[in-house]
Amino acid sequence: MMAVSRPAELQIGEKSLPLPVYFPSISSVKTPLRPHDYLQVLSSLVGLNGQYLVSAFDLAVIESPENAVQMLQASRDAGAVTLMDSGNYESFWKDAQGSWAQTTFHRMLGAFPCDLAFGFDEQQPPDDADEHVALVVARWRSDQAAAGVCQVVPIIHATAEALPALCAAVALETGVPMLAVPERRLGDGVIERACAVRAIRGELDKLGRYVALHLLGTGNPISIALYAAMGADSFDGLEWCQTVVDHDTALLYHLSQADFFTGQTAWADAKLSFQARTLAHNLEFYAGWMHRLRAAMAAGNVVDFCRHNFPDRAFQQCAPAFEWSVS
């Protein structure tokens with residue numbers, strides 16, 4: 001079988017999504033501002049960040065839905081890739097699982113314009129692997145029928161040990177170009193999770209075509225780079241709006257400590273609110289981080305990228321775990 005290599009980009013309709021890629025997430029859960037506010041920021045900074053995720057759950061109750069439609073469409077017209085989440089994350093944290101249904105999600109798919117969407121996932125799937133695959137495939141077919149030209153990405157919930165075979169089986173049955181797993185399902189620590197990503201990539205590559213792997217809830221820059229080195233391609237997370245990033249170290253700090261890093265970008269001099277300046281500061285970092293990560297991977301230098309950008313303690317632990325040279 002011919003070796004399968006990661007493509008430089010993933011085709012999404014008429015758009016190209018560079019790989020690896022990070023989607024800043026918008027959510028009403030554990031964030032200081034309203035989803036509408038984050039949507040305004042991201043739609044106005046498409047030139048800096050060309051993709052983002054918004055929750056169907058939040059869109060269902062967003063203030064001024066007509067305005068939200070306009071911002072999403074304006075982003076798409078400007079070349080951005082917009083991704084709609086199923087809303088199950090928010091429904092869980094807001095204890096609304098009983099009222100948040102797949103049919104409601106389908107209405108959001110029809111009401112708000114997006115390029116990609118995560119499927120309506122089952123977080124407590126059957127133990128039997130065949131039943132599990134059949135459920136994911138059936139959900140995906142229903143979601144894709146409702147989504148029209150918007151591409152639906154199935155989500156798979158399972159143990160780290162079961163995920164490689166399940167991911168390969170779902171990819172084989174659906175023919176999708178991308179599928180997703182939650183980072184928290186991959187194990188306890190980041191080393192264990194990275195090993196799980198490597199195992200999933202190994203099984204996907206046996207299919208003879210490239211299937212992109214998205215990790216849900218991964219927004220830490222160090223984790224993104226490590227998982228990308230192991231074979232993950234796409235990530236989303238709330239870190240961009242929950243913390244502030246130090247451009248010099250890629251480490252995250254409390255949002256209120258943004259004052260300590262104002263000199264790292266020109267956004268400090270912009271006539272914007274503290275929140276808007278900080279979000280733009282973070283988006284500029286992620287854009288640069290992902291650009292440099294893509295360049296390193298294209299050149300076959302991802303280990304050097306990690307060596308030069310990880311804290312020394314982190315790299316020294318990764319090196320023996322993944323047989324990287326420490327010099």
Side-chain angles (χ1 to χ4, degrees), residues 18-25 30-33 38 41-42 44-52 183 189-191 193-194 215 217-230 232-322 324-327:
L19 298 180
V21 65
Y22 169 66
F23 286 84
S25 298
K30 302 179 183 179
T31 53
L33 303 180
Y38 293 120
V41 170
L42 288 166
S44 66
L45 293 176
V46 166
L48 178 60
N49 172 79
Q51 62 286 320
Y52 58 84
E183 182 192 341
V190 69
I191 301 295
R193 292 177 178 186
L215 298 187
T218 301
N220 183 287
I222 304 296
S223 296
I224 287 173
L226 177 57
Y227 297 149
M230 294 297 106
D233 305 279
S234 181
F235 312 87
D236 77 85
L238 291 166
E239 283 83 350
W240 79 282
C241 64
Q242 291 177 327
T243 63
V244 61
V245 61
D246 177 2
H247 284 228
D248 293 337
T249 65
L251 299 180
L252 304 176
Y253 292 81
H254 193 279
L255 201 61
S256 66
Q257 294 177 321
D259 292 337
F260 298 151
F261 309 105
T262 53
Q264 293 181 334
T265 72
W267 293 105
D269 300 323
K271 302 300 181 182
L272 299 171
S273 67
F274 174 87
Q275 291 86 352
R277 291 197 309 270
T278 304
L279 294 176
H281 166 98
N282 288 343
L283 289 173
E284 184 170 313
F285 167 82
Y286 277 101
W289 180 263
M290 297 309 296
H291 176 78
R292 291 188 290 119
L293 178 58
R294 285 192 290 268
M297 298 196 76
N301 296 329
V302 68
V303 174
D304 285 338
F305 178 92
C306 296
R307 178 184 293 110
H308 294 140
N309 290 284
F310 285 13
D312 185 63
R313 174 185 289 271
F315 185 81
Q316 292 298 326
Q317 289 184 266
C318 288
F322 307 115
W324 291 349
S325 170
V326 297
S327 60

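The residues of the chain are indexed from 1 along the displayed sequence. Predicted model, so just to flag it, every value in this text is computed and none were measured.
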If we check side-chain contact (heavy atoms from CB on, under 4.5 Å) with Gln51, which of these qualifies: Val21, Val46, Asp236, Leu42?
Val21

Any donor-acceptor pair under 3.5 Å linking the side chain of Arg294 with the backbone of Leu19?
no

Please tabulate, for side-chain N and O atoms in residues 284-291, each donor-acceptor pair with protein atoms closer than 3.5 Å (sequence neighbours left out).
from: Glu284; atom 1: OE1; to: Trp267; atom 2: NE1; distance (Å): 2.9
from: Tyr286; atom 1: OH; to: Gly219; atom 2: O; distance (Å): 2.5
from: Trp289; atom 1: NE1; to: Pro221; atom 2: O; distance (Å): 3.2

Test side chain to side chain contact (heavy atoms under 4.5 Å, CB included) on Arg307 and Trp324 and set out the steps.
CA-CA 9 Å; Arg307 178 184 293 110; Trp324 291 349; 5.7 Å; no

CZ/Phe23 to CG/Asn49 distance, rounded to the nearest 0.5 angstrom?
9.0 Å

Over all heavy atoms of both residues, which pair between Trp240 and Ser25 is shortest? Give the atoms and the distance, please.
NE1-O, 2.8 Å

The criterion is side chain to side chain donor-acceptor pair (under 3.5 Å); which residues satisfy it with Thr31, sequence neighbours excluded?
none

Can I get a per-line list of side-chain donor-acceptor pairs under 3.5 Å for residues 268-277, giving both atom names and the distance, sequence neighbours left out?
from: Ser273; atom 1: OG; to: Ala276; atom 2: N; distance (Å): 3.1
from: Arg277; atom 1: NH1; to: Leu272; atom 2: O; distance (Å): 2.8

Given the rule in the side chain to side chain contact (heavy atoms under 4.5 Å, CB included) test, do Tyr253 and Phe260 qualify, once you have shown the distances and angles that lead to the verdict?
CA-CA 10 Å; Tyr253 292 81; Phe260 298 151; over 6 Å; no

Please examine the side chains of Pro311 and Thr249, heavy atoms only from C-beta on, and report whether any two atoms are closer than 4.5 Å.
no

Nearest 0.5 Å, what's the CG-CG distance between Leu33 and Leu279?
6.5 Å

What's the separation between atom CZ in Phe315 and atom CG in Leu226, rounded to the nearest 0.5 Å?
10.5 Å

Which pair of non-hydrogen atoms, one from Pro24 and one from Tyr22, has the smallest distance, and what is that distance?
CD-O, 3.4 Å

Do Val190 and Tyr227 make a side-chain contact, defined as non-hydrogen atoms from C-beta onward lying under 4.5 Å apart?
yes

Taking side chain to side chain donor-acceptor pair (under 3.5 Å) as the test, write out the residues that go with Thr218, two or more places apart.
Glu183

Set of side chain to side chain donor-acceptor pair (under 3.5 Å) partners for Asn220, sequence neighbours left out
none

Got a donor-acceptor contact below 3.5 angstrom from the His247 side chain to the His281 backbone?
yes

Compare every heavy atom of Pro32 with every heavy atom of Cys241, then report the nearest pair and how far apart it is.
O-CD, 3.8 Å

Measure from the ring center of Tyr52 to the ring center of Tyr38 and say whether it is less than 6.0 Å.
no

Going by the rule side chain to side chain donor-acceptor pair (under 3.5 Å), which residues pair with Asp259 if we only count those two or more places apart in sequence or in a different chain?
none

Taking the side chain as every heavy atom from C-beta outward, state whether Val302 and Leu293 have any pair of such atoms under 4.5 Å apart.
yes

Whether Asn282 side chain and Val245 backbone form a donor-acceptor pair below 3.5 Å
yes

May I ask you to decide if Lys30's main-chain N or O and Gln242's side chain share a donor-acceptor pair within less than 3.5 Å?
yes

Start with the C-alpha distance between Asn309 and Arg292, add both sets of side-chain angles, then the distance that settles side chain to side chain contact (heavy atoms under 4.5 Å, CB included), and finish with yes or no.
CA-CA 11 Å; Asn309 290 284; Arg292 291 188 290 119; 3.2 Å; yes

Got a second to check how far Leu215's CG is from Met230's CE, nearest 0.5 Å?
12.5 Å

State, to 0.1 Å, how close Phe322 and Ala194 come at their nearest heavy-atom pair, and which atoms those are.
CZ-CB, 3.5 Å

Between Ile191 and Ala321, the two heavy atoms sitting closest are CG2-CB, 3.9 Å

